Chemist: 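Below are the structure tokens for one structure; questions will follow.
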Amino acid sequence: MSSDYLSRLADLEDRFSTLAEDVRQGRRVAHYEQHRDDAWKKELVEVLEGVVGVVEDAQKTDCDNLEDVLERAEALLNPAIAIAYEGWDYQLFESLESFAHGGERPLAKLELGENVHPRQIAHTDPPTQLSFQRLRLPGGRSHPLTLCRHVAPGFAPRIPDSTPSTDEPLALSVFQARSEVTSVKVRLPTTLFASQSGKGIFVPAQGGYRNRSPYVAVFYPDEEPRDALKGKTTMLGLDEVGHHGAADDESGLLFVGDRDRVKSYSFWDNDSGTKRKDLVPVHTLNSSRFESAIGILPRGRVTSKGGIIGKGLGPTEEAFSSARDDIQNIEQSSGSKPTAVLTISERDLMIARWHNHPNASGTMLVGTNNQKNSQFYCRSLDLEQEGKWVTRYIGHGGEINAFSTSKGDPNVFVTACNDNYASLFDVRHPLPVMTIEAGVSDPNCASAALCHPNGIPYIFASQEVTEAITLWDVRARAAVYDLATGNNCVSGMVWNDERNELYAATYCQYIGTDVSHIDYARAHIPAADRAAGRDDEDEDEVVDDDDDDDYEDEEGEDYDDFEQAWPKKAFHEETYFGHIFDSGDSRIFRYAFKTEPNLKIVPPDGQAWA
């Protein structure tokens with residue numbers, strides 16, 4: 001039976017080979033022809049869908065050699081995806097459309113009209129295309145930082161009909177956005193991760209002159225104040241900025257690495273069961289050959305792109321040079337060498353991301369780097385069995401930005417990919433069980449977080465430039481609402497199961513290299529909206545109608561002329577959300593979902609200047 005599937009793949013290989021030759025030959029003859037290129041794109045997508053169809057059929061029939069089918073399917077998908085982005089002057093695709101959904105594996109998309117840029121909503125034709133409505137909580141109040149999607153007046157709301165019951169309070173608070181939102185300014189974050197227990201959340205960041213110095217911000221969710229987010233930032237002894245890290249609950253150690261070394265710090269005193277007041281440096285590990293992702297294995301071992309480094313090692317003093325102007329802050333040590341090195345069979349495989357498997361100890365979920373070798377792989381790798389590949393997961397049309405798993409279901413994980421999709425996988429199956437289109441404004445799903453409050457699955461996902469976080473209901477296969485980020489782009493998210501909280505690392509794209517604000521103008525806020533309580537004021541509060549600062553725009557609408565500034569190119573207008581604020585700097589946000597939240601706990605404005 002498997003020979004039939006391999007034969008179908010062989011036909012698709014021939015079809016792709018012909019297409020690839022046509023594309024490369026055609027580009028040598030003509031730069032761009034829409035009709036020709038559209039035909040190529042259609043043919044390429046059909047090949048990709050055909051490969052997925054073969055894998056799906058082989059899986060359904062439980063063919064006797066499924067692994068051979070998967071290996072050959074993956075080997076065809078990789079060059080097919082690569083050619084979609086091939087070329088310097090122009091590419092067939094800015095991002096591939098989804099090709100791995102179908103039948104019982106749905107594609108969840110924003111409804112018609114929901115792809116309209118918020119600043120274009122008022123000018124759409126016909127005007128019934130889309131409007132937005134604030135999410136109403138019990139008692140008629142609305143959350144000031146949440147907006148659900150809703151068609152124009154006279155049409156039914158598009159809120160999913162899968163509302164949790166009152167017997168599921170954790171899930172209900174998430175579904176209805178019953179949250180207290182706090183934030184704190186941080187240096188420019190590079191990533192975000194948490195310890196397995198959730199007692200520590202860590203944000204490697206960059207700061208100093210031209211953002212060349214490495215830092216890490218640490219948050220202890222159980223000890224953070226309710227109405228504020230504090231955390232503590234520490235400069236690292238690394239030479240370069242750390243883009244990867246991991247935390248080990250068993251040893252209480254935090255690991256952050258750059259291209260040459262991994263530094264460990266004690267963040268938790270396991271003897272007393274309390275956090276460290278300050279991070280305590282412990283190890284310096286030489287990882288010069290293993291410069292990418294970092295992971296934690298059983299028995300306190302640290303992995304860095306295939307290198308396994310034993311714990312309990314000490315530093316080796318050695319002169320260290322750097323191009324930074326604060327070299328006195330760099331630890332002058334090359335670090336201890338690895339205790340063991342595991343060579344993966346595919347030596348040219350460029351691992352960019354990995355994440356602990358949700359139920360298999362010693363196994364990592366792996367995403368590859370497409371920058372050098374045009375690799376678009378997603379697999380599980382058993383490091384306890386000499387680097388054996390366990391499962392190949394197919395359906396990604398780009399490089400994976402992040403993985404997310406949840407304690408609520410040990411058999412699933414989510415990927416956020418720069419093809420603009422978040423994909424939900426069952427670890428036992430090679431194809432995604434659900435694909436989410438994160439948005440349409442930018443082809444990059446920067447981050448996604450999977451959670452199961454009261455056992456109900458939800459996914460938070462964000463396109464990097466849409467400056468908001470969208471909650472997706474997995475059961476309803478639909479978007480529920482957007483969470484505000486104060487015009488910041490989201491670069492990472494983690495879910496804290498113990499406290500029913502979402503942490504998000506964000507950055508402001510309206511800041512120059514000299515840390516000054518750019519492209520800001522005075523906020524344009526209609527006076528009517530202010531009077532209606534758009535800033536979460538009580539409805540019966542007296543509003544001064546004789547404010548001398550009010551004025552009329554060209555169309556005669558009253559506006560307030562505030563000192564508050566707003567980015568000229570912000571994705572959302574000032575009044576898109578109820579609470580009008582602009583972050584104005586990099587921030588970590590905490591969305592604490594509660595049965596009875598205090599809706600007045602919202603972040604302050606960043607006080608950027610126009």
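All figures in this text were calculated on a predicted structure; none of them were measured in a lab. All residue numbers refer to positions in the sequence shown, counting from 1. Just so you know, these numbers use all the heavy atoms, side chains as well, and skip hydrogens, waters and symmetry mates.
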Chemist: Is it true that a side-chain atom of E437 and a backbone atom of N420 form a donor plus acceptor pair closer than 3.5 Å?
Modeler: no
Chemist: Only pairs at least two apart or in different chains count here, so list each salt bridge (charged side-chain N to carboxylate O under 4.0 Å, His left out) that has a residue in residues 420-432.
Modeler: D426-R428
Chemist: Are more than 12 heavy atoms from other residues, nucleotides or ligands located less than 6.0 Å from atom CD of E498?
Modeler: yes
Chemist: Can you give me every donor-acceptor pair (side chain of residues 356-367, partner residue at least two apart or in another chain, under 3.5 Å) with its distance?
Modeler:
from : atom 1 : to   : atom 2 : distance (Å)
N356 : ND2    : I296 : O      : 2.8
H357 : ND1    : N359 : N      : 3.1
H357 : ND1    : N359 : OD1    : 3.3
H357 : ND1    : A360 : N      : 3.2
N359 : ND2    : P410 : O      : 2.8
N359 : ND2    : N411 : OD1    : 3.0

Chemist: If you compare all heavy atoms of S462 against all heavy atoms of A468, which two are closest, and at what distance to 0.1 Å?
Modeler: OG-O, 2.8 Å
Chemist: Are the aromatic ring centres of F193 and H355 under 6.0 angstrom apart?
Modeler: no
Chemist: For T182 and R590, which I'm curious about, is there any donor-acceptor pair between the side chains at under 3.5 Å?
Modeler: yes
Chemist: Under a 3.5 Å distance rule, please check whether Q206 uses its side chain to pair with a backbone N or O of L188 as donor and acceptor.
Modeler: no
Chemist: Using only atom types and a distance under 3.5 Å, with no angle test, would you say the side chain of R353 pairs donor to acceptor with the backbone of A402?
Modeler: no
Chemist: I need the minimum non-hydrogen distance between E399 and N418, along with the two atoms involved.
Modeler: N-OD1, 2.7 Å
Chemist: Determine whether a donor-acceptor pair (N or O, by modelled atom type, separation under 3.5 Å) exists between the side chain of S404 and the backbone of L450.
Modeler: yes
Chemist: Look at the side chain of H579 and the backbone N and O of P603, then say whether any donor-acceptor pair between them is shorter than 3.5 Å.
Modeler: yes
Chemist: Kindly determine whether E223 and K275 satisfy salt bridge (Lys or Arg N to Asp or Glu O under 4.0 Å), including the steps that lead there.
Modeler: CA-CA 9 Å; E223 301 191 25; K275 70 173 184 179; 3.4 Å; yes
Chemist: So does F577 get a backbone contact from the side chain of H572, meaning a donor-acceptor N/O pair under 3.5 Å?
Modeler: no
Chemist: Using only atom types and a distance under 3.5 Å, with no angle test, would you say the side chain of D585 pairs donor to acceptor with the backbone of V186?
Modeler: no
Chemist: Of all residues at least two apart in sequence or in a different chain, which pass the side chain to side chain donor-acceptor pair (under 3.5 Å) check with E49?
Modeler: none
Chemist: Should we say atom NZ of K594 is surrounded by more than 12 heavy atoms from elsewhere, each under 6.0 Å from it?
Modeler: yes
Chemist: Taking only residues two or more places apart in sequence, or in another chain, which ones meet Q509 in a side chain to side chain donor-acceptor pair (under 3.5 Å)?
Modeler: E467
Chemist: Evaluate the ring planes of F403 and F413, with Trp represented by its six-membered ring, and classify them as parallel (under 30°), tilted (30 to 60°) or perpendicular (over 60°).
Modeler: tilted
Chemist: Under the 3.5 angstrom rule, does the side chain of E180 hit a backbone N or O of A592 as a donor-acceptor pair?
Modeler: no
Chemist: Could you walk me through whether D222 and R499 pass salt bridge (Lys or Arg N to Asp or Glu O under 4.0 Å), step by step?
Modeler: CA-CA 8 Å; D222 289 342; R499 300 184 61 85; 3.3 Å; yes
Chemist: By the side chain to side chain donor-acceptor pair (under 3.5 Å) test, which pairs, at least two apart or in different chains, include something from residues 445-455?
Modeler: S406-H452
Chemist: Ring centres of F202 and F267 under 6.0 Å apart?
Modeler: yes
Chemist: Just checking, any donor-acceptor pair under 3.5 angstrom between side chains of D582 and Y520?
Modeler: yes
Chemist: Can you tell me if D249 and S197 form a side-chain donor-acceptor pair at under 3.5 Å?
Modeler: yes
Chemist: Mind checking side-chain contact (heavy atoms from CB on, under 4.5 Å) for E56 and listing every partner two or more places apart, or none if nothing turns up?
Modeler: K60, R105, L431
